[in-house]
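Naming convention: chains lettered A, B, ... in sequence-line order (proteins, then strands); numbering from 1 in each chain.
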Amino acid sequence: MLEIALKGSKRYYGWIAFLLVLIGIGSMAYLNQIMVGLKTTGMNRDVSWGFYIAQFTYLVGLAASGVMIVLPRYFHNYKKNTHLVIFGEFMAIAACIMCVLFIAVDVGQPTRMMNVILHATPNSILFWDMIVLCGYLGLNLLVGWTCLEADRQRLPHPKWLKPFIYTSIIWAFSIHTVTAFLYQGLPGRHYWLTAILAARFLASAFCAGPAILLLVLKITEKVTTFQMPRDAVRTLVKIIMYAMCINMFFFMLEVFTSFYSNLPGHMHPIVFLFAGAHGHSELVPYMWTFIGFAFLSITLLVTPKLRENQKLLPWTLAILVIATWLDKGLGLVIGGFTPTPFNTITPYWPTGKELLVSMMVYAIGALVVTVLFKIATGVKEEMEQSQSLPCGCSTEDFCDCAAKAEAEAEA
Amino acid sequence: MKNNRRNFIKLAGIAAAGLALAPKAMASSGGHSPVKKNPAGIDAKRWAMVIDTTRLNTKEDIAKLADICHAIHNVPHIEGKREVKWLWSAPYGQAFPEQENPHMSDEVHHREYALLCNHCENPPCVRVCPTKATYKRADGIVAMDYHRCIGCRYCMAGCPYGSRSFNWGEPREGLDLAKLNPEFPTRMRGVVEKCNFCVERLAVGKLPACVEASEGAIVFGDLSDPDSDVRKVLRERFTIRRKPTAGTEPGVYYII
Ligand code: SF4
Ligand code: SF4
């Protein structure tokens, strides 16, 4: 099927060339980082993880997102999702690749990465994180590719695939749980040391992940003949709404526990993030943006009229993505390292080079998404599944636009 | 008593198994070179340190010890937030943030405290390391293999004491190459390092360098031996450890 990715319009090739340029620029910054060490970043002795690990954590959520399409399809036989499943799986592939890359650019000795396998250490959560991420990548490659091949040959999906599909659904929960365990089992980092962290990671993944997926699919609709079934989108947006509400509920649980118990260790990071401490308030505007945007997106999602408004939807989703990214991407990592073990505050801010390297990884991810989505939409087009109708509906929708227009004309 | 007997049986078992396996192991040596112990080396079941802060409590005095430590271990000197340090000094509030109170004795509050890796009994750094580059030795010392470390810095997130430093850049840039100690390796960039309780000195029968230079203000010995120097001071003096709530059981004690 790869040949589908090779045949494309000028615009398609232009976009790929643009991504390659971004990758090229970013790799310069990465080469520089390899040559002189991680001092090109803003990280330091006290805040020893930064932007890279934050992106990694956030993208694990994106990887887990597809399951919000796959699970209703297979566990509840929700047929409307049938033609979206492949996009969830392909998005997961790209997200897993980006996760691995963000770890790779973060380690000080990337050439020794294989030591994690050569000297496998099951007591380290990082070992398990590698296992679950690579496993999830493999599962999605297998399931996604096999299903699409079968579709293309107009064959039913092979039976032997079922166990893999069910495994991948459960597996999606594991990747985010294990990533949370990476943080929540460390005795000295109070912001992370909370049992709700894994649950919160899952909640935020299940709103932010599908939100990003929907946004990317909206763009896909613009540049291809593919059209998402209306009802499937509606259902997914509802899932996003519930997940975001749960996410913020968990956050409030966290705030209550910290402040009602009055335990300094638990209060300090939150105070630092939202009010600043010892004269450091760099993160305060961002964290309040998170709160503002989170509640704005919830308002837009829970109001049926606003939720159904397709013009508004991309904005709602974008606001939600920004909110969750600020919370989980930036706040989580920096908050965990602040205050330091010495109860002092060491500021951290990513450097330009750090951002360039991150841009490289994101561009690689975008490239993977582009190619995979090109293939998937190509096959859908060949099969005439989920295609857009002149009235804007999808072929999978129950479309009565023509009848309506006729009725109107008659009247 | 029971414990002793069980230990003895265990040891005897291990020894018997060892005897049975040893010739084979020696013959094939399966990738591990046989270790030949220096007969002068000193050994313990659990090395520990007691720092008398009534005697060692000024920046200058601790800096003297740190300089010696850093010189013999080729620890690079780097200014600012990306510094590398094995032994350093900090005020009370930084050393014991959970055990501060607003009306402490001025004298205790204004002391400087020598900080270093605690060589914890339950070290989180070892628990989290994905490559066993950080590992606990049989004598309780938490050691590092700088050639295996991938520089993921998980151990730095895991250590509740901020004992670990990462080589953000080329460490040799922070070293006076003319004054390198040729008996101890320098590190490469991109790996973590920390105090090693001077394992290389213990192996040849010398006490850790800071202990030797402290003129008695730091006591070092076997915690499992009730007659050792450390056990004696611990019996006689009031001591505290850093962050007891972290459950790591630090091996460094402070006489207050
Ligand atoms: S003090 Fe930190 S680095 Fe040293 S053994 Fe304990 S946890 Fe590990
Ligand atoms: S930085 Fe090195 S020593 Fe620390 S956890 Fe990673 S591999 Fe282990």
Side-chain angles (χ1 to χ4, degrees), chain A residues 33-49 53 103-104 106-130 182-183 185-190 192-193 264-265 268 333 336-337 339-344 346-348, chain B residues 78 80-85 90-91 93-98 100 115 120 122 124-135 145-171 173 188-192 242-243 245-248:
Chain A
Q33 178 188 306
I34 294 219
M35 308 287 280
V36 304
L38 279 155
K39 67 178 174 189
T40 55
T41 70
M43 290 184 273
N44 51 60
R45 196 176 187 278
D46 293 321
V47 185
S48 45
W49 280 340
I53 292 296
I103 296 274
D106 185 69
V107 300
Q109 287 287 336
T111 52
R112 295 182 189 166
M113 288 264 283
M114 279 299 144
N115 280 1
V116 179
I117 296 162
L118 293 175
H119 305 285
T121 314
N123 51 270
S124 170
I125 303 293
L126 205 56
F127 168 77
W128 291 108
D129 215 27
M130 180 209 66
L182 213 58
Y183 294 99
L186 304 178
R189 310 283 172 186
H190 297 284
W192 300 336
L193 189 69
H268 282 165
V333 171
F337 282 110
T340 69
F342 313 105
N343 212 14
T344 56
T346 308
Y348 159 81
Chain B
I78 292 152
K81 292 192 291 183
R82 286 199 259 263
E83 64 187 330
V84 177
K85 53 190 180 186
Q94 293 183 19
F96 306 99
E98 289 168 358
E100 203 176 11
L115 302 188
C120 307
N122 311 312
C125 56
V126 173
R127 203 181 308 145
V128 300
C129 176
T131 62
K132 304 187 193 86
T134 294
Y135 59 98
D145 181 343
Y146 308 117
H147 302 275
R148 185 183 287 189
C149 171
I150 60 170
C152 65
R153 310 190 293 293
Y154 198 8
C155 53
M156 295 176 80
C159 172
Y161 304 98
S163 303
R164 301 182 149 257
S165 309
F166 182 70
N167 285 291
W168 299 98
E170 176 57 50
E173 282 168 16
M188 67 289 285
R189 65 177 176 266
V191 300
V192 168
R242 295 172 66 199
K243 294 203 182 162
T245 52
T248 61

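- By number of non-hydrogen pairs under 4.5 angstrom with chain B, the leading residue of Met114(A), Met113(A), Met35(A) is Met35(A).
- For Leu182(A), the parts lying near chain B are the backbone and the side chain together; criterion is any non-hydrogen pair under 4.5 Å.
- Of all the listed residues (Arg153(B), Arg127(B), Lys81(B), His147(B)), the one sharing the greatest number of non-hydrogen pairs under 4.5 Å with chain A is Arg153(B).
- Looking at Glu83(B), both its backbone and its side chain come within 4.5 Å of chain A, counting heavy atoms on both sides.
- Under the 6.0 Å cut-off for aromatic ring centres, Trp49(A) and Tyr348(A) do not qualify, their centroids lying 6.0 Å or more apart.
- Met130(A) does not touch chain B: none of its heavy atoms, backbone or side chain, sits under 4.5 Å away.
- Among Ala246(B), Ser163(B), Pro91(B), Ser165(B), the residue with the largest count of heavy-atom pairs under 4.5 Å with chain A is Ser165(B).
- With Asn167(B) contributing its side chain and Gly169(B) its backbone, the two residues share no donor-acceptor pair below 3.5 Å.
- Judged by distance alone, with hydrogens and angles left aside, the side-chain atoms of Arg189(B) form no donor-acceptor pair with the main-chain N or O of Lys39(A) at under 3.5 Å.
- Proximity to chain A (any heavy atom under 4.5 Å) is restricted, for Phe166(B), to the side chain, taken from C-beta onward.
- For a residue to count as touching a neighbouring chain, one of its non-hydrogen atoms must lie under 4.5 Å from one of that chain's; by this rule Lys132(B) touches chain A with backbone and side chain alike.
- If you check the side chains of Asn115(A) and Thr131(B), you find no donor sitting under 3.5 Å from an acceptor.
- Looking only at side-chain heavy atoms (C-beta outward), Lys85(B) and Arg45(A) come within less than 4.5 Å of each other.
- Comparing Val192(B), Ile150(B), Val84(B) by how many heavy-atom pairs each has under 4.5 Å with chain A, the most go to Ile150(B).
- Between chain A and the residues Glu98(B), Glu170(B), Arg164(B), Glu173(B), the most heavy-atom pairs under 4.5 angstrom are made by Arg164(B).
- For Val126(B), the part lying near chain A is the backbone, with the side chain staying farther off; criterion is any non-hydrogen pair under 4.5 Å.
- For a residue to count as touching a neighbouring chain, one of its non-hydrogen atoms must lie under 4.5 Å from one of that chain's; by this rule Leu38(A) touches chain B with backbone and side chain alike.
- Looking at heavy atoms from C-beta onward, Pro124(B) lies out of side-chain contact with Cys159(B) at the 4.5 angstrom threshold.
- Contact count against chain A (heavy-atom pairs under 4.5 Å) is highest for Ala157(B) among Gly162(B), Ala157(B), Cys129(B).
- The closest side-chain heavy-atom distance from Gln109(A) to Cys149(B) is not below 4.5 Å.
- With a 4.5 angstrom heavy-atom cutoff, Val36(A) touches chain B only via backbone atoms.
- Residue Arg242(B) touches chain A through its side chain alone, counting heavy-atom pairs closer than 4.5 Å.
- The backbone N or O of Leu126(A) sits less than 3.5 Å from a side-chain atom of Ser124(A), completing a donor-acceptor pair.
- Here the side chains of Leu186(A) and Leu193(A) are not in contact, with every heavy-atom distance at 4.5 Å or above.
- The two residues Pro110(A) and Ala104(A) have their closest heavy-atom pair at CB-O, 4.0 Å.
- Heavy-atom distances place no part of Thr340(A) under 4.5 Å from chain B, backbone and side chain included.
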